Structures are given as C-alpha cells and as structure tokens.
Amino acid sequence: MAMLLKNARVIDPQVELDCVCDVLVEDGKIAQVGEGIAAEGAEVKDLTGKVLVPGLVDMHVHLREPGYEFKEDIASGTRAAAHGGFTGVCSMPNTDPVADDGAVIEYVKSRAAEVGKCRVYPSGAITHGLKGEIIAEMGDMVAHGAVAFTDDGKGVQDAGMMRRAMDYGKMFGKVFMAHCQDNGLVADGQVNEGVVSTRLGMLGWPAAGEELEIARDIQLCELTGCPLHIQHITTAKGLEMVRKAKESGLPVTCEVTPHHLFLTEDALTDAYETNLKVNPPLRTAADAAALIEGVKDGTVDAIVTDHAPHAAWEKAREFELAPFGMTGLETSLGLVLTNLVEPGIIDLSDMVDLMAVAPRDILGLEPVKIAEGSVADITVFDPSVEWTVAVDDFCSKAHNSGFVGCALKGRATDVFVGGEATLCDGAIVE
Ligand code: DOR
Ligand code: ZN
C-alpha cells in the first residue's frame with residue numbers, strides 16, 4: 001500500500017532540499033516529493049514538527065554473530081540500529097568464525113534477511129583470521145556481497161602484508177578500512193598514555209601507536225592507489241595527516257565516533273569505569289576539540305558508532321581484564337543532534353552528509369535521496385524531544401554505553417527500509 005508522509009521538514013543536501021513538504025512512498029520507492037500531495041487510498045502519517053532525511057547508515061558496527069551471540073546478535077543489533085534511527089549498518093568481521101570467506105559473509109547476509117530490522121552490509125577481513133599473515137578470500141567475499149575490507153579490532157602489523165593486500169584487493173573496487181594500531185607501541189595499553197594513565201597507574205595506549213599506522217597506511221594508499229578509510233580516528237595529529245592526504249588528492253577518508261568527540265580521558269577516574277574503556281582510547285580534550293573542528297571543516301567524512309556490545313559480566317571485571325568497546329547505535333543520533341547541531345557547530349544538512357550520504361558513498365552503495373525514484377530508506381526524528389539515556393530502554397542486548405544518564409535532545413521516531421516501517425512512533429515494528 002502507498003504511504004503518504006505529510007508535513008515533515010524534509011532535508012537532503014544531495015538534492016538541495018530543506019523545506020516542509022510531503023513524501024509519497026509506493027512499492028518501496030519514493031514516488032513523489034512536494035507540497036500538498038494528495039494520494040487516494042494511501043496510508044497517511046502526519047509528521048508535523050519532525051524531520052525526514054535519507055536513511056542513516058552506521059558504517060562501523062559489531063553485530064557479533066556468528067560466535068558471540070551472548071554479547072549481541074543480528075536480530076538484537078539491527079533492532080538497536082532501527083531504534084537509533086538507522087536503515088543500514090556495515091558489520092565488522094571480528095566474529096567467530098571471522099568473516100574472512102564467502103560462507104561467513106553469506107551467513108551474515110542471509111541471517112540479516114531473515115531477522116534483521118535494517119539492511120546489513122557486511123565487511124570482510126583483510127587477513128585470514130585477522131592474524132595479519134595471509135590475505136583473506138577477498139574475491140569470494142565480494143562475490144557474496146562484502147562491501148569493504150577491514151581487520152577492525154586489530155591493525156595489520158606488517159607493512160608489506162598491508163601493501164600486498166591493498167595491491168591485490170584494489171581490483172575489487174572496495175575500500176580498505178583501517179583500524180590503526182601498532183602493537184609494538186600499544187602493547188597492553190589500557191587508556192591514553194599521558195597524565196591520566198599516570199594518575200590511574202595504568203599502562204598507556206599512546207597516540208603514536210595510532211598515528212604511526214595512519215601515516216603508514218596513507219603512504220600505502222599512495223603506493224597502491226587503493227582507497228583507504230581510517231576508522232575511529234582519535235588524535236589531532238592523525239586527523240592532520242588525513243587532511244594533508246586529502247589535499248594532495250589521495251583517495252583517503254575517515255570516520256569519528258561520538259565517544260571520541262564527546263568524551264575525553266578526563267572522564268576516567270578512580271571509579272575505573274570499564275564502559276569508558278575503548279579502543280582506541282578516549283584521548284585528550286585538545287584531541288576531541290580537533291576532531292570537532294574536523295567534523296566542521298569536512299576533514300571527517302562520517303560519524304560512526306563502533307557499536308561494540310559486551311556482556312555485563314565482561315565489563316564487570318577489573319579494568320585491565322574488561323574488553324574494549326562501548327555500544328552506540330541507540331545514542332548516536334541524539335548525541336550528534338545535542339552536541340553538534342543544537343550548538344550550531346554543524347547544521348542538519350551536514351548531519352545528513354556525515355551519517356547518511358558519506359557512509360554510502362565510501363562503501364560504494366547506491367545513494368538514497370529524498371527524490372522520486374529513490375529507494376525509500378528513510379529516517380524520521382523529532383528534534384525537540386528531550387530524553388535521558390537509560391539501559392532499560394535499549395534494544396541492544398548490551399548495556400555498555402558511556403552515556404547512560406546523559407540528557408539528550410532529539411530522537412528517531414520512524415524508520416522505513418525499502419518503504420517498510422521498522423520503527424513506528426519510537427517502537428520497533430514486529
Ligand atoms: O573498542 C573497540 N571494540 N574497538 C575495536 O576496534 C573493536 C571493538 C570490539 O570488537 O569490541
Ligand atoms: Zn576498530
């Protein structure tokens with residue numbers, strides 16, 4: 001049945017749209033965009049006061065299935081995505097088995113088709129088992145629908161290995177997404193190396209441990225011509241390297257997470273809050289300020305969550321034994337609206353670029369536009385609703401957010417994937 005979405009503020013920078021109008025959806029596609037649309041027989045939904053944008057895509061998500069379903073699975077992770085306003089996510093390959101061949105990619109895709117509440121675009125490993133030793137089955141994975149390559153969770157330690165993988169992998173036309181971490185420097189580092197690691201008596205995870213691999217991978221991008229995307233960038237210096245690489249015309253992009261933008265190492269106290277243990281670690285206030293500047297000036301291409309669900313018992317362990325990572329799918333939009341849009345650092349069109357347009361572009365996905373003929377992947381949010389982050393409210397199996405208790409303004413109310421509602425008035429559509 002056709003559906004008429006009425007009176008929302010419709011924003012899509014791709015078609016220079018920002019006005020209050022109606023959107024008619026038919027057969028999974030956008031049939032018409034304009035003022036005062038009348039469609040007989042269509043289901044009508046009044047969205048007065050809400051904002052309607054191209055469906056948000058989070059290009060860095062750990063769904064944990066197969067293998068770690070006690071943390072999250074494709075059903076719960078995609079529910080969390082829909083609840084947070086996303087129409088699609090790119091899944092990371094650090095599952096068990098690792099997504100390093102076509103069979104695992106196929107499994108993720110078919111499971112998502114069966115139980116998913118959003119689209120799942122699987123990424124595949126760069127190296128077999130994420131071990132950094134043998135190139136993964138790239139052609140097989142692409143044939144089964146892998147959209148990108150990454151060893152996320154680990155850096156590829158050997159430069160020669162990374163070079164060969166990029167040289168070989170570039171023929172598939174997929175981006176290499178790099179988790180930049182030099183193990184020689186990082187070793188057992190727990191928190192940013194500096195004042196806070198000293199104060200807390202913890203091993204430091206130095207900025208150079210990330211920056212060294214960013215510099216290396218930019219050089220390898222230049223050497224091989226393979227498109228490179230720096231994952232969860234955290235330092236001012238790393239960002240500056242990306243800025244320079246872009247200026248020199250290299251195919252380099254990067255992403256940041258809300259936790260690296262809005263939290264700093266200063267949040268770590270002698271409470272040893274394990275939900276603040278993330279990889280790479282929370283950095284200094286100066287780094288966070290530089291990242292925000294990078295969002296503003298366009299050096300940062302995409303905002304992603306690195307949604308990294310863990311079981312409560314894992315995060316209840318001593319800081320050194322707790323795993324790295326925090327969840328993000330259900331707080332990302334609210335955090336961006338509250339901390340970047342509300343203070344005027346970016347506008348809503350920029351938000352759409354960062355959370356919908358660029359992620360699709362980097363992953364080589366078909367663009368979604370609020371325009372006739374486009375697939376109807378749509379996110380609707382209420383920019384005025386005030387709410388407090390609470391674990392009871394999460395659809396994710398996991399509760400390891402660093403933002404619990406945070407007061408936010410703005411939240412997704414409705415999500416449509418191919419014209420089908422997955423979130424309606426803030427509730428998951430069963
Ligand atoms: O904090 C993180 N958690 N960073 C990563 O790179 C991996 C992730 C995970 O898989 O838990
Ligand atoms: Zn990572």
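What you see below is based on every heavy atom in this structure, not just the backbone, and it leaves out hydrogens, waters and symmetry mates. Each ligand, and each atom within it, is numbered from 1 in the order the structure gives. Quick caveat, the model's predicted, so the values are computed rather than measured.
In summary, Asp152 places an N/O/S atom under 2.8 Å from the Zn ion (ligand 2), meeting the contact criterion.
Of all the atoms in ligand 1, the ones that sit under 4.0 Å from a non-hydrogen atom of Asp306 are 2 (C), 4 (N), 5 (C). Near His310, the atoms of ligand 1 lying under 4.0 angstrom from a non-hydrogen atom of the residue are 11 (O). If you number the atoms of ligand 1 from 1 as listed, the ones under 4.0 Å from a heavy atom of Ala308 come out as 3 (N), 8 (C), 9 (C), 11 (O). Near Gly153, with a cut-off below 4.0 Å to any heavy atom, the atoms of ligand 1 are 6 (O), 7 (C). In summary, the atoms of ligand 1 found under 4.0 Å from a heavy atom of His179, numbered by their order in the structure, are 6 (O). Residue His232 approaches ligand 1 through these ligand atoms, each under 4.0 Å from one of its heavy atoms: 6 (O).
The nearest heavy-atom contact from the protein to atom 3 (N) of ligand 1 is Phe324 O, 3.3 Å. For atom 8 (C) of ligand 1, the closest non-hydrogen atom on the protein side is His62 NE2, 3.6 Å. Residue, atom and distance of the protein heavy atom nearest to atom 11 (O) of ligand 1 are Arg64 NH2, 2.8 Å. The protein heavy atom nearest to atom 5 (C) of ligand 1 is Asn279 O, 3.5 Å.
Comment: Glu342 engages Lys409 in a salt bridge, judged by a side-chain N to carboxylate O separation of less than 4.0 angstrom. Salt bridge annotation for Lys45-Asp414: present, with a cationic side-chain nitrogen under 4.0 angstrom from a carboxylate oxygen. A salt bridge between Arg411 and Glu330 is absent, with no side-chain N of the basic residue lying under 4.0 Å from a carboxylate O of the acidic one. In this structure, Glu65 pairs ionically with Arg111, as a charged nitrogen and a carboxylate oxygen lie closer than 4.0 Å. Between Arg216 and Glu213 there is a salt bridge, since a side-chain N of the basic residue sits under 4.0 Å from a carboxylate O of the acidic one. The existence of a salt bridge linking Glu314 and Lys71 is confirmed by a sub-4.0 Å separation between a basic side-chain nitrogen and an acidic carboxylate oxygen. A salt bridge links Lys244 with Glu240; the closest basic N to acidic carboxylate O contact falls under 4.0 Å.
The closest approach of His179 to the Zn ion (ligand 2), by N/O/S atoms, is made by ND1.
Minimum interatomic distance between Leu333 and Gly84 (heavy atoms only, all atoms of both residues): CB-O, 3.8 Å.
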